[in-house]
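These notes concern the structure reproduced below.
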Amino acid sequence: MSDLVLVTGASGYVAGHVIQELLGQGYRVRGTVRSAARATAVAELLPGVELVEADLGSDAGWAAAVAGCRFVLHTASPFPSGVPDHEDELVRPAVDGTLRVLRAAAGSGVERVVVTSSIAAVEVGNEGHLLTEVDWSDTEQCDAYQKSKTLAERAAWDFAAQHPNLELAVINPGMIIGPILRAEAGTSVDGIRALLAGGMPGVPRLNFATVDVRDLAVAHRLAMETLQAAGNRYICAGEEVSFPQMAQILAQRYRVATRVLPDWLVRLSARFNPDARTAVRFLGRAAHLSAAKAEHDLNWTMRPVADSLLDTAESLIRFGLVPAPRPARPAA
Ligand code: NAP
């Protein structure tokens, strides 16, 4: 039986850790990149991975990418920090790309596809109760990214329903933090980078359900290997932690702003800063999600959020993405 796994979006933050996890467990890995320029950086970071070119926006390359693979882990999807001019910039590659990957997989006898979705496909419009895998985001209330993830996951389940020979499992991660593998701070660790860089006057009252990228990589492997994972989605996110709490944890080691910004000030700054507009929607909002199903079915565990935060900070400093921050003031 083939031990070859295709990981889409091999240049990504999550994919890098997923590939390391798979290689560590003895799998052979093929990865997709969308340009030769990205391939060079990935090949340096992850030697031993075969790289092929395929773009979510085109059919070219996907049949060759999945050929001979037993499993496909589909992590690639647009994940920009800013707001696109039009939602289709995110929705089309997410949905059409997922269908391209699934069609190629079904056509080549792949056993199981694990799709990286998001809690963005679970939580929007669902407040006031502990969210589980039965919850789906309301696309009427979604921003472009949330819509892209919700519609892509829905499309994947619809496809799976029509192709019973192809198993599908879905991972719904919370906000992903944890060490970066190269000198590129992705969207989800950018807030931690900004805190460490000292450019923030204070911290907005945003709440997150986080997951460590290393734990998430294990979850992807377990969703691929565990028999009963087929046909299931799995929330992978810890208990709610606020940005001010994160700042307090980092402040144990580094000198970072811990002052909580009043909501009105964040709203005001969003008028002039388009990137802050997304944040405004999450001000003071709860993020209560249950990862019990992943813990039970996959025997999956999460490390403490403080470990993830401090390891993220250490990696950002090591790769020079923030000037070495001043150490925390000694306790009085
Ligand atoms: P990332 O570092 O930006 O990785 C995204 C990957 O997708 C990159 O390899 C990127 O390629 C690729 N990609 C984007 N558009 C593409 C296209 N049109 N064709 C081919 N490849 C394309 O983001 P990440 O944090 O690792 O995210 C990985 C997955 O996790 C995504 O599905 C994301 O929605 C999901 N997720 C992330 C978070 C989070 O907090 N980070 C939370 C929940 C879910 P390039 O390198 O060439 O751009």
Side-chain angles (χ1 to χ4, degrees), residues 6-20 31-42 45-46 49 51-62 65 73-82 84 88-101 114-124 137 142-153 156 170-192 208-217 219-220 233-238 278 282 287 289 308 312:
L6 180 74
V7 179
T8 69
S11 54
Y13 172 49
V14 171
H17 284 272
V18 167
I19 290 171
Q20 281 192 342
T32 66
V33 285
R34 57 172 157 169
S35 70
R38 293 304 261 164
T40 312
V42 180
L45 179 68
L46 302 162
V49 176
L51 293 170
V52 294
E53 269 184 58
D55 191 300
L56 296 174
S58 158
D59 286 336
W62 289 109
L73 304 189
H74 176 44
T75 76
S77 206
F79 188 40
S81 55
D88 277 352
E89 288 173 37
L90 306 188
V91 173
R92 290 278 48 102
V95 175
D96 299 347
T98 298
L99 289 173
R100 286 193 167 95
V101 171
V114 178
V115 169
T116 314
S117 181
S118 170
I119 58 168
V122 173
E123 65 181 356
V124 182
S137 288
C142 283
D143 65 24
Y145 172 72
Q146 294 162 337
K147 196 169 185 180
S148 76
K149 298 307 288 180
T150 307
L151 293 180
E153 192 190 331
V170 170
I171 297 287
N172 300 83
M175 188 180 84
I176 305 167
I177 58 172
I180 55 167
L181 295 178
R182 60 163 182 267
E184 230 174 71
T187 303
S188 56
V189 297
D190 204 48
I192 300 170
F208 303 104
T210 63
V211 59
D212 188 288
V213 68
R214 296 160 290 186
D215 298 335
L216 185 66
H220 278 78
R233 61 199 305 236
Y234 290 104
I235 291 171
C236 292
T278 311
F282 296 96
L289 295 118
S308 306
T312 311

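Remember, it's 1-based here, ligands and their atoms both numbered in the order they're listed.
Nearest protein neighbour of atom 37 (C) of ligand 1, counting heavy atoms only, is I176 CD1, 3.4 Å. Scanning the protein for heavy atoms near atom 5 (C) of ligand 1, the closest one is S77 O, 3.6 Å. Nearest to atom 28 (C) of ligand 1 among the protein's heavy atoms is T75 O, 3.5 Å. Counting protein heavy atoms only, atom 22 (C) of ligand 1 is closest to R34 NE, 3.7 Å. Atom 30 (O) of ligand 1 has as its closest protein heavy atom T116 CG2, 3.4 Å.
The shortest N or O to N or O distance between A76 and ligand 1 is not below 3.5 Å. The shortest N or O to N or O distance between A54 and ligand 1 is not under 3.5 Å. Backbone and side-chain nitrogen or oxygen atoms of V14 are examined, and one is located within less than 3.5 angstrom of a nitrogen or oxygen of ligand 1.
With S117 as the partner, the side chain to side chain donor-acceptor pair (under 3.5 Å) test is satisfied by one option alone out of H74, E153, K149: E153. When each of T40, V52, V42, T8 is tested with V33 by the rule side-chain contact (heavy atoms from CB on, under 4.5 Å), just one qualifies, namely V42.
The side chain to side chain donor-acceptor pair (under 3.5 Å) test applied to Q146 returns no partner, not counting sequence neighbours. Here D55 pairs with R34 under the side chain to side chain contact (heavy atoms under 4.5 Å, CB included) rule; sequence neighbours left out.
Listed by number with element, the atoms of ligand 1 under 4.0 angstrom from any heavy atom of S188 are 39 (C), 40 (O), 41 (N). When each atom of ligand 1 is checked for a heavy atom of Y13 under 4.0 Å away, the hits are 2 (O), 25 (O), 26 (O).
With atom 46 (O) of ligand 1 as the reference point, the heavy atom nearest to it among G12, S11, S118 is part of S11. Taking each of G57, G174, C236, A237 in turn, the one with a heavy atom nearest to atom 42 (C) of ligand 1 proves to be G174. Among F208, F79, Y145, the residue whose heavy atom lies closest to atom 39 (C) of ligand 1 is F79.
Remark: distances from the non-hydrogen atoms of S117 to ligand 1 include one below 4.0 Å. Ligand 1 does not have S148 within reach: every non-hydrogen atom of the residue lies 4.0 Å or more from it. Heavy-atom distances between D55 and ligand 1 reach below 4.0 Å in at least one pair.
For the atom pair R100 CZ and D96 CG, the distance stands at 5.5 Å (nearest 0.5 Å).
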